[in-house]
Amino acid sequence: MPRVAKPKAAAPAKKAVPAKKAKSKLYAMPEKVKEGTVFTDLAKGQWRIGPSIGVGGFGEIYAACKVGENNYDAVVKCEPHGNGPLFVEMHFYLRNAKQEDIKQFKQKHGLKSLGMPYILANGSVEVNGEKHRFIVMPRYGSDLSKFLQQNGKRLPEGTVYRLAIQMLDVYQYMHSTGYVHADLKAANILLGLGKGGATQAYLVDFGLASHFITGDFKPDPKKMHNGTIEYTSRDAHLGVPTRRADLEILGYNLIEWLGAELPWVTQKLLTVPVKVQKAKEAFMDNIGDSLKTLFPKGVHAPIGDFMKYVSKLTHNQEPDYDKCRSWFSSALKQLKIPNSGDLDFRLKPQTSSNNNLSPPGTSKTAAKERAKKNVSPALNSSLDEEISASEDDEEEYRPLPKKTAKKVSPSARNAKVSPLKRAAAAPAPESSSPIQKRIKAEPKSTPRERATPKASPKPKSTPKASPKPKSTPKASPKPQTPTAARLKTPTAKINFSPSISLRGRPGGKTVINDDLTPQPRSNKTYEFNFELDVSMDANVIVNVKRKKRADKDKAAAVDSRTPLSRSLASSTKEDGSPVTRVNLRKVNGHGDEGDSSTSGRTPRTPAVTVRKYQR
Ligand SMILES: Nc1ncnc2c1ncn2[C@@H]1O[C@H](COP(=O)(O)OP(=O)(O)OP(=O)(O)O)[C@@H](O)[C@H]1O
C-alpha cells in the first residue's frame, strides 16, 4: 500500500552537507533489489528474487522462488526496516494466519477455499546498506483493479456478489482472530493463480490490520482517516477499528463495482477527509434514500439489505456473516449464476435491464426504511490495543507510543448530536451548539448461531471478550455513532504525520496516519505542505529546529502556537543570519465546509505551508 513518503527536499540548501541517511521515523521507499539476489529468512530458508511484480507506495513485491526450485510461485514483499506497516502485516500473518488455522476454519465452515493469504517466511536483509524487512507469501494473480479498469469501472453483477461472499468469508476469519483489515479495495484483492485459481479472490495487504474494539468507542486522533479515503469507514475516519467498519468498507466497494460513483467522489471531496467523513455519515444516515439516488432505477436488493444492515450495526456488535452472505447468494440464485467456477469479469453489453444502475430487483428493506432516520444516542468510547511488537521479531518496532486517548467527559458523552447537514454546513467545535439527538432504529435481533465462528482459530491475541451477539444493540444502552463521536473528538486534528499532507492526492491510495512525525533536518531547505483538518477551531503547533548559527548557538527550537483562524507568519529573527524561517500561511479560509464545487476547482484542505529556508 502506498504510504507516507519521506519529505523530499524541495531544493537543496546551498551548502547542505548530504546527510547520511537519517534514521527518520517516516516511511521510506525500499531499495531496489536486483533479480537473482538471494534472501535468507529467519528459518534459514533461501529465496531467489525474481522480477518486480508490484509496487506499493513504499513496498515492492517481487516474484520469488525457493533456491533450488524454479517456479516463482511465491512473492517477497520488502520494505525498509523502519516502516511500520510491513511490521504490522508480518505480525498479523505470524499470529493469525497460519496455514493450519486457515485449514481448520475452512473445515469448520465447509469452505472449499478461503481468500486468506498466509506467510511462508520472513526475515531481514541489507539492501544497498539499508536494513530491510521482508515477508514471503504465496503468489497470486491479477488484482481486481485491472478488471475495473478494463470494464470502465464496473464488474458484472454476479461477480460482485460472489466477491462479496468471498470477502465476507475472509472478514469472518479475520474477525474471529480479533483483527480487522480496514483497507479492502480492488487493488488489494487478487485472484488465485494456476488451474482453478480464478475461482477465488484473496484479500491482501494487512498493513492496517488492528484489533477491533469490543469496549467503549473512543476516537483516536492519531489514526483518524486511515485507510483509502474513498472507502474508509465512518469509524475509521474517527480512528476506531470495528468489525462493522470492515463491512462498511466492503459496501462502498460493492457499490462502486456495480457502476455507481460514491457521492464523495462525485463531489470531489477526496482531498478533505473531514468532508468525506461527513458525506459518509449523511449517506449512511439515510441509506435507503442514498442508494436510491445512486441507483435511480432501483437499488440492487442485496446491496440495499447489506448496507441497511451495516448502518444499523453497533460498534461492538459481531456481524451476522451468514445473513449477509445469504443476501448475496439469494441474488445469485435469482440471476441464475452459480457461486462456483472462475470469477467472470466479462461485462455483458449494457442494456437497460442489465445496467448496474437499473437492476431488476429493489430492496424491500431499503424501500421500507427509506424515510426513517437512524438516531443514536452518544456513548463513551475507548481505544483498544495496538498491535505491539512481539518477541518473534528480530527487532522491535514501536509504531506508536502508548497513547492516552482522551476520555470523553460525561457531559460531552451525553451531548446530543447535531443533524449531519448542519454539522456539514458549519464547523462544529465539540462544545458547539445544541446538537440534536439521532434516534437509532432498534435493530431486529438476528440469528447468530449458524456458521458464525464462536471460537477463534487463534484466540491468543484476540480481545478479551468477543461481544455477545445476543446482546447486540440492546446490550449497549447508548450505541455510539460516528457522528456522536466526531463531535466529541478533540477540537482539532492536525495530521503532522505526513500521511495526508505529503501524499499529494488520494486516488485509491492507502493513507496511514500515525505518530510518525517528521524529524526536521536542520541542514536542509525544504518545503512542506501540511494539510490540516481545520473544520474545528484549531491551534497549530509547529516545532522547527533553527539552523545552527555560524559560530553561536546550537539548534534552537521555534515553537509557534497559532490559532488557525488567523493567517500569520512566524519567523525567527531576521537579522540576516542563516536561521530557519517558519512561515505559517492559511491557504483557505476557515469554514469552507460548504459546497466546494462553487469555486469550480478541486477543493483543497485548508492548509498551512511551512517553509524553511536559508537567507
Ligand atoms: N501475493 C501476491 N501475489 C501477487 N501479487 C501481489 C501479491 N501481493 C501483492 N501483489 C501486488 O502488489 C501490489 C501491492 O501489494 P500490497 O498492497 O501488498 O503492497 P502495498 O505496498 O501495501 O501497496 P498498495 O497499498 O498500493 O496496494 C498489489 O496491488 C498486487 O498487484
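In listed order, ligands and their atoms are each counted from 1.
For a threshold of 3.5 Å applied to N or O pairs, the pair formed by Asp143 and ligand 1 contains at least one separation below that value. Considering both main-chain and side-chain atoms, Lys77 comes within under 3.5 Å of ligand 1 through a nitrogen or oxygen pair. Inclusion of Glu79 in the set of residues having an N or O under 3.5 Å from an N or O of ligand 1 is not warranted.
Between Glu256 and Tyr252, the side chains place no donor N or O within less than 3.5 Å of an acceptor N or O (distance only, hydrogens not considered). A donor-acceptor pair shorter than 3.5 Å cannot be found between the side chains of Asp344 and Thr159.
Under the 4.0 angstrom criterion for non-hydrogen atoms, Gly207 is not in contact with ligand 1.
Within ligand 1, the atoms closer than 4.0 Å to a non-hydrogen atom of Gly54 are 12 (O), numbered from 1 in the order shown. Close contacts between ligand 1 and Arg139 involve ligand atoms 3 (N) [criterion: under 4.0 Å to a heavy atom]. Short contacts between ligand 1 and Asp205, defined as distances under 4.0 Å to a heavy atom of the residue, involve ligand atoms 16 (P), 17 (O), 18 (O), 20 (P), 22 (O), 24 (P), 25 (O), 27 (O). The Met137 neighbourhood of ligand 1 comprises atoms 1 (N), with distances under 4.0 Å to a heavy atom of that residue. Taking every non-hydrogen atom of Ala187 and a distance limit under 4.0 Å, the qualifying atoms of ligand 1 come out as 28 (C), 29 (O).
Each of Lys280, Lys218, Lys223, Arg244 was evaluated against Asp235; a single residue qualifies, Arg244, per the salt bridge (charged side-chain N to carboxylate O under 4.0 Å, His left out) test.
Between Tyr179 and Phe92, the ring-plane angle classifies as perpendicular under the 30° and 60° cut-offs.
Only the backbone of Pro138 comes within contact range of ligand 1, with a heavy atom under 4.0 Å; no side-chain atom does. When non-hydrogen atoms are compared, ligand 1 lies under 4.0 Å from the side chain of Asn188 (C-beta onward) but not from its backbone.
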Discussion item. Run the side chain to side chain donor-acceptor pair (under 3.5 Å) test on Glu248 and Ser233 for me, step by step, so that the C-alpha distance in whole Å, both residues' side-chain angles and the decisive distance to 0.1 Å come before the verdict.
Written reply: CA-CA 6 Å; Glu248 186 176 323; Ser233 63; 5.1 Å; no
Discussion item. Using side chain to side chain contact (heavy atoms under 4.5 Å, CB included), reason through Phe105 and Thr177 one step at a time and then give a plain yes or no.
Written reply: CA-CA 11 Å; Phe105 181 90; Thr177 71; over 6 Å; no
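When Leu190, Ile135, Ile53, Asp183 are ranked by how near their heavy atoms come to atom 8 (N) of ligand 1, first place goes to Leu190.
Here Phe206 and Tyr93 bring their ring centres to under 6.0 angstrom of each other. Aromatic rings of His237 and His225 (six-membered ring for Trp) have centroids within the 6.0 Å cut-off, being under it.
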